[in-house]
Amino acid sequence: MKQEQVDKIVDRVSKVKIPWGNGTTIGDGFRNSELTMINHKRQQAVREAMVHAWSGYTDYAFGKDELQPISKSYNNRWGDWAISLVDCLDTLKLMEMDEEYAVAKEHVRGIDFTQVPEGYQTQMFEMVIRALGGLLGAYEMDEDPMLLTKAKQVGDILAIAFENTIHGLPSNSIDVNNKTAIFSNAVCIAEAGTIQLEFKRLSQLTGDPKYQRLAEGASDALESGYRKYPGLYPAFIFTTSKQYDNSSSYGLGAMSDSFYEYQLKQYIMNGKREQKFKDQYIVSVETVKQKLIGKSKSGLYFLGRWGSQETVYYREMEHLACFYPGLLALGAQVLDRPQDLVVAEQLAFTCYLSYKTSPTGLGPEIFGFPDSPEDQQLPEFAAERANEFDPKIQKIFDYNKYGLAPIDPRFILRPETLESLFVLYRVTGDPKYQEWGWEIFTAIEKYTKTDVAYAAYANVYDRDNSSNWVDSMESFFLAETLKYLYLLFSPSDLFSLDEYVLNTEAHPFKINKGSANSGAELEKDINKDLNNDSVDGKNEPPYNVKDPVD
């Protein structure tokens with residue numbers, strides 16, 4: 001795509017201007033508001049939830065990857081790197097759990113990130129966001145050189161994924177013990193496109209350009225592959241040809257989500273100096289509006305997905321896609337795009353309703369919007385996944401008054417809706433987002449809290465928690481879900497979005513606000529600007545796009 005074409009899109013969608021502040025920060029408003037005490041109590045209630053979860057982890061799984069809160073045991077399914085501990089270091093620090101943080105950090109000192117259990121295959125994507133991101137986030141808050149040393153150790157291991165790469169795309173898994181990449185014929189865009197913040201920040205902090213070079217190579221490969229629509233990327237790309245699998249699906253849920261997130265966040269983290277990422281983000285937003293946003297009969301906006309070859313538009317939304325309202329809100333503020341804030345608030349309302357309308361107040365993993373109760377697509381939704389869930393779920397596949405129907409009724413302690421509520425509160429200052437977040441936290445406390453920690457939930461449409469607890473507490477509950485809740489009730493100068501960008505696992509990286517020359521030494525060997533003509537000439541920008549939510 002030529003630069004002048006991108007410039008036209010940017011100009012077209014940036015006409016409306018509004019002031020984003022009136023001279024008084026939300027942080028000042030928090031301190032001076034009559035809601036100060038309420039918010040403080042809520043913040044502390046979230047902190048107590050973290051204390052409870054951490055205590056269970058300490059008692060039954062310390063140093064292991066995950067606590068299993070029902071059996072009061074543990075698993076090492078992430079390679080025995082103490083992932084829950086590493087992933088929540090900055091949460092402990094943020095919540096001023098100083099003794100717990102000191103103990104956890106001392107344990108990190110003894111972890112050998114160059115070893116895993118024999119035969120284990122380390123997932124590149126998960127360890128970038130959880131292990132590398134967790135160590136870098138803690139270092140940003142603590143500045144203990146040991147944490148940066150450990151982060152570099154992890155970065156060096158994960159860089160093995162690029163071994164023998166042909167076009168700059170990483171393998172999706174690594175044999176850590178033998179220091180070899182495990183060949184992947186294709187990777188999803190989330191795997192290849194969610195390493196950039198972590199690798200670039202590691203280069204900035206260590207002065208070693210190799211990590212940024214690898215991240216840039218992957219970004220360039222993802223952008224240069226042919227796509228039918230500008231800004232909309234098939235879920236998979238072939239590592240041997242650098243061509244997209246155009247038969248794969250389009251969506252903002254699993255396998256794609258954080259790729260879109262990192263377009264904007266790369267632009268923010270490097271002090272708004274990399275224009276190409278701003279351009280890519282804007283084009284993506286416009287195409288997502290055109291191709292993915294649907295509207296239910298009751299007027300709710302949702303993010304659907306297209307199946308293989310665009311044969312079927314699935315009128316369903318994954319909880320994972322509920323990060324997108326927060327991303328739109330952040331982009332609305334940073335890029336002065338108030339029209340995106342309107343869409344963000346509508347989508348966030350839908351995500352909130354997925355919680356509000358269930359009997360437990362917990363949100364399902366996937367929910368849908370069939371055209372009518374008689375629509376034959378509704379039982380097909382259920383049938384597609386019937387072998388995965390309890391048969392009794394079939395009985396509750398029905399509309400509520402909003403036309404929202406459950407598809408996958410699990411709640412696995414995910415953070416995405418709370419992430420969006422947090423960002424929307426920071427951007428708008430509207431306390432309704434705090435109220436919505438408090439409702440969700442109350443439901444989490446009521447239905448997922450066990451005697452030692454918190455457990456995933458099998459069916460949010462069943463209030464019998466004892467029969468629905470799942471023996472799992474993923475590390476992101478500590479790293480993200482509780483962190484976003486804590487920040488939602490905190491002054492806005494705590495992890496200010498003007499000072500930090502949060503990676504997809506909610507780890508804080510300081511925004512590089514230095515002069516344009518400050519990163520020159522790192523970038524001089526790796527500044528591979530996008531070839532504006534690299535995408536097929538048919539990939540024209542959507543000048544005649546109509547926003548489907550208008």
Side-chain angles (χ1 to χ4, degrees), residues 26 30 33 35-57 69 87-88 90-92 94-97 319-320 322-323 325-326 348-365 410-426 428-457 460-461 463 465 468-470 472-492 494-495 502 505-506:
I26 299 173
F30 178 97
S33 168
L35 295 176
T36 297
M37 187 58 66
I38 293 174
N39 280 321
H40 177 70
K41 288 180 178 178
R42 290 176 173 180
Q43 180 201 61
Q44 293 306 300
V46 175
R47 184 181 185 276
E48 286 304 309
M50 181 65 186
V51 169
H52 178 65
W54 178 257
S55 295
Y57 174 77
D87 209 3
C88 78
D90 49 29
T91 306
L92 296 171
L94 170 71
M95 294 187 184
E96 298 181 311
M97 295 172 61
H319 191 285
L320 281 168
C322 284
F323 84 96
F349 181 59
T350 299
C351 292
Y352 162 67
L353 281 181
S354 74
Y355 284 74
K356 181 71 172 178
T357 58
S358 81
T360 60
L362 300 172
E365 182 77 351
R410 295 172 299 160
F411 175 67
I412 62 173
L413 306 173
R414 284 202 190 277
E416 287 78 17
T417 295
L418 291 165
E419 173 184 358
S420 285
L421 298 184
F422 156 68
V423 177
L424 277 160
Y425 175 68
R426 287 290 180 91
T428 68
D430 190 334
K432 75 180 179 186
Y433 297 114
Q434 292 179 314
E435 295 304 315
W436 294 358
W438 182 249
E439 289 178 25
I440 292 172
F441 175 69
T442 301
I444 290 172
E445 283 285 290
K446 182 174 182 179
Y447 289 101
T448 74
K449 187 175 184 178
T450 75
D451 58 339
V452 301
Y454 294 81
Y457 206 82
V460 300
Y461 293 85
R463 291 191 178 96
N465 58 359
N468 280 285
W469 282 337
V470 179
S472 171
M473 185 179 75
E474 290 241 26
S475 69
F476 54 65
F477 178 68
L478 308 177
E480 299 184 76
T481 306
L482 292 180
K483 183 185 293 165
Y484 283 128
L485 278 163
Y486 186 85
L487 290 171
L488 182 60
F489 305 118
S490 300
S492 63
L494 186 63
F495 280 3
L502 301 180
E505 194 79 0

Might you point out which heavy atoms bring Ala453 and Met473 nearest each other, and give the distance in Å? CB-SD, 3.9 Å
Rounded to the nearest 0.5 Å, the CZ atom of Phe489 sits from the CZ atom of Phe441 at a distance of 8.0 Å
Rounded to the nearest 0.5 Å, the CG atom of Leu413 sits from the CZ atom of Phe476 at a distance of 6.5 Å
Carboxylate-amine/guanidinium contact Glu48 Lys41, below 4.0 Å: no
Search all heavy atoms of Val460 against all heavy atoms of Phe411 and return the closest pair with its distance. CG1-CB, 3.5 Å
Tell me whether Glu365 is salt-bridged to Arg414, with the criterion being a basic N under 4.0 Å from an acidic carboxylate O. yes
Report the C-alpha distance between Leu94 and Leu494 in whole Å, list the side-chain angles of each, state the deciding distance to 0.1 Å, and finish with yes or no for side chain to side chain contact (heavy atoms under 4.5 Å, CB included). CA-CA 9 Å; Leu94 170 71; Leu494 186 63; 3.8 Å; yes
Would you call the rings of Phe422 and Tyr484 parallel, tilted or perpendicular, where under 30° means parallel and over 60° means perpendicular? tilted
Point-to-point distance, once rounded to the nearest 0.5 Å, from CG of Leu424 to NZ of Lys432: 8.5 Å
By disulfide bond (SG atoms under 2.5 Å apart), which residues pair with Cys88, not counting sequence neighbours? none
Does any N or O in the side chain of Thr417 come within less than 3.5 Å of the main-chain N or O of Cys322, such that one atom is a donor and the other an acceptor? no
Under 3.5 Å, side chain of Gln434 to main-chain N/O of Leu488, donor-acceptor pair present? yes
Where do Leu418 and Leu485 land on the side chain to side chain contact (heavy atoms under 4.5 Å, CB included) test, with the steps shown first? CA-CA 7 Å; Leu418 291 165; Leu485 278 163; 3.6 Å; yes
If I take atom NZ from residue Lys356 and atom CD1 from residue Ile440, how far apart are they, to the nearest 0.5 angstrom? 10.0 Å
Heavy atoms of Tyr425 and Asp430 approach each other most closely as CD1-O, 3.3 Å
Please round to the nearest 0.5 Å and tell me the distance separating atom CE of Met97 and atom OG of Ser55. 6.5 Å
For Tyr433, which residues count as a ring-ring contact (aromatic ring centres under 6.0 Å, His included) partner, sequence neighbours excluded? Trp436
Can you check whether Ala456's main-chain N or O pairs, donor with acceptor, with Arg410's side chain at less than 3.5 Å? no
Test item: Lys446 and Asn465 side chains (from C-beta on) under 4.5 Å apart, heavy atoms: no
Between Val470 and Pro69 the two heavy atoms that sit nearest each other are O-CG, 4.5 Å
Can you give me the closest heavy-atom contact between Thr360 and Ala443, atom names plus distance? O-CB, 3.3 Å
Looking at Trp469 and Lys449, would you say the former's side chain and the latter's main chain have a donor-acceptor pair under 3.5 Å? no
Do Met50 and Tyr486 come close enough that some side-chain heavy atom pair is under 4.5 Å? no
Any sub-3.5 Å donor-acceptor pair from Ser358's side-chain atoms to Gly363's backbone N or O? no
CD1/Ile444 to OG1/Thr481 distance, rounded to the nearest 0.5 angstrom? 6.5 Å
For His52 and Thr450, indicate whether the former's side chain and the latter's backbone hold a donor-acceptor pair under 3.5 Å. yes
Quick one: closest heavy-atom pair of Pro364 and Ser354, and the distance? CD-O, 3.2 Å
Determine whether Tyr355 and Glu439 satisfy the following criterion, side chain to side chain contact (heavy atoms under 4.5 Å, CB included), listing intermediate values before the conclusion. CA-CA 9 Å; Tyr355 284 74; Glu439 289 178 25; over 6 Å; no
Within the distance-only criterion (no hydrogens, no angle test), does the side chain of Ser420 pair as donor or acceptor with the backbone N or O of Ala348 below 3.5 angstrom? no
Trace of the side chain to side chain contact (heavy atoms under 4.5 Å, CB included) decision for Leu487 with Lys483: CA-CA 6 Å; Leu487 290 171; Lys483 183 185 293 165; 4.0 Å; yes
